[in-house]
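Being a predicted model, the structure only gives us computed values, none of them experimental.
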2 protein chains.
Amino acid sequence: MTSTERTPRNTRQRAEVRDAVAANPAFATSQTIHDRLRHEGSKVGLATVYRTLQAMAASGELDTIRTPDGQIAYRTCTPGHHHHLVCRSCGRTVEIDLPGLEATTRRIAGEYGFAEIDHEVEFFGTCSSCA
Amino acid sequence: MTSTERTPRNTRQRAEVRDAVAANPAFATSQTIHDRLRHEGSKVGLATVYRTLQAMAASGELDTIRTPDGQIAYRTCTPGHHHHLVCRSCGRTVEIDLPGLEATTRRIAGEYGFAEIDHEVEFFGTCSSCA
DNA sequence: GATCTTCATGACAATCATTCTCATTTAGAC
DNA sequence: GTCTAAATGAGAATGATTGTCATGAAGATC
Ligand SMILES: [Mn+2]
Ligand SMILES: [Mn+2]
Ligand SMILES: [Zn+2]
Ligand SMILES: [Zn+2]
């Protein structure tokens, strides 16, 4: 069951949001993307930006993190499993591989009898431009 | 600079919160702890529970995670650095060691020129009782 | 033990990211 | 072109968390 896959309609708004998030390699929140679009003259609504980014993340097009203060931030994502090193001050993001981690996850699952283990692994730091 | 360490006053409320969080090995939110205390007859205020748990976490007495829906949850913490395997449905938590991770963090920091790297690593799954 | 200063508390309001509502628009199927 | 379900947007609602500020009480000092 690859389950419930709905193909969304191709609306002007969806294209605008997709372009806006693709235009920047840093993680950005729905509000930030919305602001950016409005400044460019778009009339897209805030709720639409929220809904579109959520849908894109659910379909795997975007990656999600939670900022240290709890907001959800999105970024266009390289396909395949990986993690992120995010600059606390400017949001600049590097995708990183953690080759050992998947094996570790399986080992931990077995050891403690947990099923459907998911891991959330993010690194936060200060990038060289912001130091 | 081990910096600004203030010793909080020993109030009845602080003791009640400390006992309540220590009484349960699962992560719990401020609201949950507050409910629990009120049901036991305590008159402690919600804001006080928020403040007390925050302070205890800042001083290292408690560990913090963000639940998948974004709330902050606390748990009495074993001293020393470690990570958690948390049951999505009941909150039961196992503390785990990730021996290789600190070295990996340092390697990544060097590789990408990031400073003050912090890692957030949590595992979520379904425990055997909840399966 | 009484006094005093300062920090802690609690009721409530305020904040603010996110979600909901619902009337209106429109993509895409026919 | 018609039709219908899905998408949109304006605004209201939600809900966790934080701020405000008058009152209470640790605990230092006498
Ligand atoms: Mn990514
Ligand atoms: Mn812990
Ligand atoms: Zn930076
Ligand atoms: Zn469980």
Starting the side chain at C-beta, find the nucleotide from [options] nearest to [X].
| X | options | result |
| --- | --- | --- |
| A:Thr52 | D:dT8, D:dA10, D:dT18 | D:dT8 |
| B:Arg14 | C:dT9, D:dT8, D:dT18 | C:dT9 |
| B:Arg38 | D:dA10, C:dA11, D:dT17 | C:dA11 |

- request: Work out how much the helix from C:dG1-D:dC30 to C:dC30-D:dG1 bends between its end axes, five pairs an end, to the nearest 10 degrees.
  value: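 The angle separating the two end axes equals 30°.
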- request: Measure centre to centre between the rings of A:His119 and A:His81, then say whether the value is under 6.0 Å.
  value: yes
Under-4.0 Å side-chain N/O to phosphate OP1/OP2 contact, [X] with [N]:
| X | N | value |
| --- | --- | --- |
| B:Gln71 | D:dG15 | no |
| A:Thr48 | D:dA7 | no |
| A:Gln13 | D:dA7 | no |

message: Is there a path of hydrophobic side-chain contacts, each under 4.5 Å between heavy atoms of I/L/V/M/F/W/Y residues, joining B:Phe124 to B:Val94?
response: no
Starting at [atom1] of [X] and ending at [atom2] of [N], how long is that distance when rounded to a whole Å?
| X | N | atom1 | atom2 | value |
| --- | --- | --- | --- | --- |
| A:Ile33 | C:dA17 | CD1 | P | 15 Å |
| A:Arg18 | D:dA7 | CZ | P | 13 Å |
| B:Asp69 | C:dA17 | CG | C1' | 13 Å |
| A:Leu46 | D:dA7 | CG | P | 18 Å |
| A:Glu16 | C:dT26 | CD | C1' | 15 Å |
| B:Tyr50 | D:dT20 | OH | P | 18 Å |
| A:Ile65 | C:dA17 | CD1 | P | 16 Å |
| A:Gln54 | C:dC20 | CD | P | 9 Å |

With the threshold set at 4.0 Å, does a side-chain nitrogen-carboxylate oxygen contact exist between [X] and [Y]?
| X | Y | answer |
| --- | --- | --- |
| B:Arg107 | B:Glu111 | yes |
| A:Glu16 | A:Arg12 | yes |
| B:Glu61 | B:Arg75 | no |

query: Is a donor-acceptor contact shorter than 3.5 angstrom present between the side chain of B:Arg51 and the base of D:dG19?
result: no
query: Do B:Ser59 side-chain atoms and B:Met56 backbone N/O form a donor-acceptor pair below 3.5 Å?
result: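 Yes, B:Ser59 side chain to B:Met56 backbone: donor-acceptor pair under 3.5 Å.
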- request: Compare every heavy atom of B:Ala57 with every heavy atom of B:Thr64, then report the nearest pair and how far apart it is.
  value: OG1-CB, 3.6 Å
message: Distance check, rounded to the nearest 0.5 Å: A:Glu122 atom CD versus A:Asp63 atom CG?
response: 7.5 Å
task: Give the ring-plane orientation class for B:His84 versus B:Phe27, where under 30° counts as parallel, over 60° as perpendicular and anything between as tilted.
output: perpendicular
Check the interface with nucleotides 27-30 of chain C: list each N/O to N/O pair with the protein under 3.5 Å, or write none.
{"unit_1": "C:dA27", "atom_1": "N3", "unit_2": "A:Arg9", "atom_2": "NH1", "d": "3.4"}
{"unit_1": "C:dG28", "atom_1": "OP1", "unit_2": "A:Asn10", "atom_2": "N", "d": "2.8"}

